[in-house]
Colleague: 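Mind having a look at this structure? Questions to follow.
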Amino acid sequence: MDNPLLCIFCDNALGPDTKPEHILPNALGGRKTTRRVICSDCNNRFGSTIDDALAKQVEIIRNLLQLESGTGKPPPMLRNVQAGTEKVTFRNDGQPELVTPPFTVTERPDGTAEVAITVKTPEELRRFLPHIAARLRMSEDELVKQMEGGTGVVVERRPGEVHHHISFGKEDAIRSVAKSCLVLLATLVGNDAVKSDAFKEARTFVLTGSKEFNEKRVTIDSRPVPGVDDLIRVYGMFFNLIYVRSDSAGRVIGHFTLYNAISWQIVLAEAGGPAECKSGLVSNPLDPTSWSDAIADTVNIPFAWLDAADKGYELERARQRLISMAQYHHDESQQAEIARIVNDVCAKYGIKSDNDPIDPAHQEAIFNEITARLAAHAMHQPYEQRLTADQMKKLLKGESSE
Ligand SMILES: [Zn+2]
């Protein structure tokens, strides 16, 4: 009788009831699953911890690019994003909504008061009138009379700068990335091989985290993968890629490209793993039905390339990728503005030209800030329209202001 199949992270037996594990996380649009590598317990635990950490880090990009999950769930909402002095929620469809209190009253020393009202519709304005009147200690009729005599400005705008801290490369998220590499490898070489001592440190990293492993065996690597143009042609400009390969000594490298923007190299085994094996899984997050786990044969990424992760960070490439993301939903007139944001953030960190060195300690911060500001730029430019007294009257009375 065959030995029962065991989970690569614990010794639970696997069977037909085992929960399917997404090899590339569902949040990244992964469709390919397996019941033969990870037990349901580990699957659930990882799902609510390290996979969730990775999913949170890509929320803003998913909202910006409107990326569904592998199982077809809509992009995540971004709740209570601080935008200047206001808070904004980005709905599933990417549209921002103010969650700031709808009105503020500023009383001036001369006894007059300035009322700033932020509402989306005239109906909403009229709904708040009693509250504003109460705040000003006057009746609603008096308030309307005063407002009719005053002037108003309708400002249609979206907040200018959103501070939404996202960071790539936090240890929890990298543990999820390492898990994806190990699971893909196990589908190729079997669970016993991945349960061997050669992968002990990598398994421990996934299970409990390890500062040392993260520092010594994980490298941010933003070189374009060999064959990137072919991958883009078939799997889109923001493809996700997992590629695992070993040499003749059983040194095993895992490579994970996220949205064709940022990549990590993980040394899964220093030596003694299965020799001369390779496996790749690629997926198009813009169309999760488009994926393949058989690309290692057609997209040949040499072991030497995988093993020689660039210790630096190729700013220009990351910059181009981020600009591509932000431009995805935008017309050409916005491109200069997007480039300005990227260059502005780079300048803030002392990077004036592509040849300037980047302090590795700033890599994350730069990437985060650019991404957050580009996400903010998914919002329209402000425009203001001054209301005539007549339009103001009509607005307050609930008539069309046409
Ligand atoms: Zn398990």
Colleague: Determine, for E171 against R175, whether the closest basic-nitrogen to carboxylate-oxygen distance falls under 4.0 angstrom.
Modeller: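 Looking at E171 and R175, the cut-off is not met.
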Colleague: Taking the side chain from N43 and the backbone from P20, do they hold a donor-acceptor pair closer than 3.5 Å?
Modeller: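 Yes, the answer is positive, given that a donor and an acceptor are paired below the 3.5 Å cut-off.
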Colleague: With ring-ring contact (aromatic ring centres under 6.0 Å, His included) as the criterion, how do F213 and F205 come out once you've worked through the C-alpha distance, each side chain's angles and the decisive distance to 0.1 Å?
Modeller: CA-CA 7 Å; F213 187 96; F205 176 63; 4.5 Å; yes
Colleague: Would you name the heavy atoms of C42 and C7 that are closest together and state the gap between them?
Modeller: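 Shortest heavy-atom separation between C42 and C7 comes out as SG-SG, 3.8 Å.
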Colleague: For the residue pair C181 and G254, what are the closest heavy atoms and their distance?
Modeller: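 What the structure gives for the nearest pair is SG-CA, 3.9 Å.
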Colleague: In Å and rounded to the nearest 0.5 Å, what is the CG to CZ distance from N260 to F238?
Modeller: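 The distance works out to 8.5 Å.
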Colleague: Would you call D93-R91 a salt bridge at under 4.0 Å N-O?
Modeller: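 Salt bridge: yes.
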Colleague: Which heavy atom of S196 sits nearest to which heavy atom of A193, and what is that distance?
Modeller: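 Heavy atoms of S196 and A193 come nearest at OG-O, 2.7 Å.
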Colleague: So do the side chains of L24 and K32 get within less than 4.5 Å of each other, counting heavy atoms only?
Modeller: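 They are not in side-chain contact.
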Colleague: Give the minimum heavy-atom separation between I50 and D172, together with the two atoms involved.
Modeller: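 Shortest heavy-atom contact: CB-O, 3.3 Å.
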Colleague: Inspect the contact between K56 and D52 and indicate whether a charged nitrogen and a carboxylate oxygen are less than 4.0 angstrom apart.
Modeller: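 A salt bridge is present here (some side-chain N lies under 4.0 Å from a carboxylate O).
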Colleague: Please name the residue in the list R35, R36, K179 that meets the side chain to side chain donor-acceptor pair (under 3.5 Å) test with E21.
Modeller: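 Answer after filtering R35, R36, K179: K179.
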Colleague: Are side-chain N/O atoms of N240 and S283 paired as donor and acceptor at under 3.5 Å?
Modeller: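 Short answer, no.
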Colleague: How close do N214 and V218 get, counting heavy atoms only, and between which atoms?
Modeller: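 Shortest heavy-atom contact: O-CB, 3.3 Å.
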Colleague: Is a side-chain N or O of S246 found less than 3.5 angstrom from the main chain of C277, in a donor-acceptor match?
Modeller: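 Yes, the answer is positive, given that a donor and an acceptor are paired below the 3.5 Å cut-off.
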Colleague: Any side-chain heavy-atom pair from I242 and I23 closer than 4.5 angstrom?
Modeller: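 Yes. Closest side-chain heavy atoms under 4.5 Å.
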Colleague: Apply side chain to side chain contact (heavy atoms under 4.5 Å, CB included) to the pair I253 and V267, showing each step before the final yes or no.
Modeller: CA-CA 5 Å; I253 306 294; V267 181; 4.0 Å; yes
Colleague: Counting N and O atoms only, with roles assigned by atom type, does the side chain of T49 sit under 3.5 Å from a partner on the main chain of R45, one being a donor and the other an acceptor?
Modeller: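 Indeed, once roles are kept as given, a pair shorter than 3.5 Å links the two residues.
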Colleague: If we ignore hydrogens and angles and just use 3.5 Å, is the side chain of R62 paired with the main-chain N or O of A27 as donor and acceptor?
Modeller: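 Answer holds: yes.
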Colleague: Is a side-chain donor or acceptor of N191 paired with a backbone partner of L6 at a separation under 3.5 angstrom?
Modeller: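 The answer is yes, because a donor-acceptor pair under 3.5 Å joins these two groups.
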Colleague: Do side-chain atoms of N26 reach the backbone of G70 as a donor and acceptor pair under 3.5 angstrom?
Modeller: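 Checking the backbone N and O of G70 against the side chain of N26, a donor-acceptor pair under 3.5 Å is found.
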Colleague: For a side chain to side chain contact (heavy atoms under 4.5 Å, CB included) check, start with the C-alpha distance between Y235 and V299, then their side-chain angles and the critical distance, and finish with the verdict.
Modeller: CA-CA 12 Å; Y235 300 103; V299 181; over 6 Å; no
Colleague: Is there a donor-acceptor pair under 3.5 Å between the side chain of N63 and the backbone N or O of P76?
Modeller: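 Side chain of N63 to backbone of P76: a pair is present.
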Colleague: May I have the step-by-step check of side chain to side chain contact (heavy atoms under 4.5 Å, CB included) for L268 and L182, ending in yes or no?
Modeller: CA-CA 8 Å; L268 299 172; L182 287 177; 4.1 Å; yes
Colleague: Determine the sole option in W305, W264, F303, Y243 for which the ring-ring contact (aromatic ring centres under 6.0 Å, His included) test with H255 is passed.
Modeller: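 The passing option is W305.
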Colleague: Any ion pair linking D11 and K195 (charged N to carboxylate O, less than 4.0 Å)?
Modeller: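 Salt bridge present between K195 and D11.
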Colleague: Give the intermediate values and the outcome of ring-ring contact (aromatic ring centres under 6.0 Å, His included) for residues Y259 and F239.
Modeller: CA-CA 5 Å; Y259 299 135; F239 67 82; over 10 Å; no
Colleague: So, T257 side chain and S263 main chain: donor-acceptor pair closer than 3.5 Å or not?
Modeller: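 Flag not set: sc T257 to bb S263 has no pair under 3.5 Å.
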Colleague: Are the side chain of R203 and the backbone N or O of V194 linked by a donor-acceptor pair below 3.5 Å?
Modeller: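 Yes: the side chain of R203 pairs with the backbone of V194.
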Colleague: Distance-only, no hydrogens or angles: does the Q57 side chain make a donor-acceptor pair with backbone N or O of L54 under 3.5 Å?
Modeller: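 Such a contact is absent between Q57 side chain and L54 backbone.
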Colleague: Which heavy-atom pair separates E59 from L78 by the least distance, and what is that distance?
Modeller: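 In this case the closest contact between E59 and L78 is CB-CD2, 3.7 Å.
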Colleague: Is it true that R245 and N300 share a donor-acceptor pair across their side chains at a distance under 3.5 Å?
Modeller: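 Yes, R245 and N300 have a side-chain donor paired with an acceptor closer than 3.5 Å.
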Colleague: Tell me which pairs pass salt bridge (charged side-chain N to carboxylate O under 4.0 Å, His left out) where either residue lies in residues 250-266, with sequence neighbours left out.
Modeller: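 The answer is R251-E270, R251-D307.
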Colleague: Test side chain to side chain contact (heavy atoms under 4.5 Å, CB included) on V282 and W291; report intermediate values, then the result.
Modeller: CA-CA 5 Å; V282 64; W291 62 272; 5.9 Å; no
Colleague: Hey, is D197 close enough to K200 for a salt bridge, meaning N to O under 4.0 Å?
Modeller: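 Salt bridge between D197 and K200, a charged N being under 4.0 Å from a carboxylate O: no.
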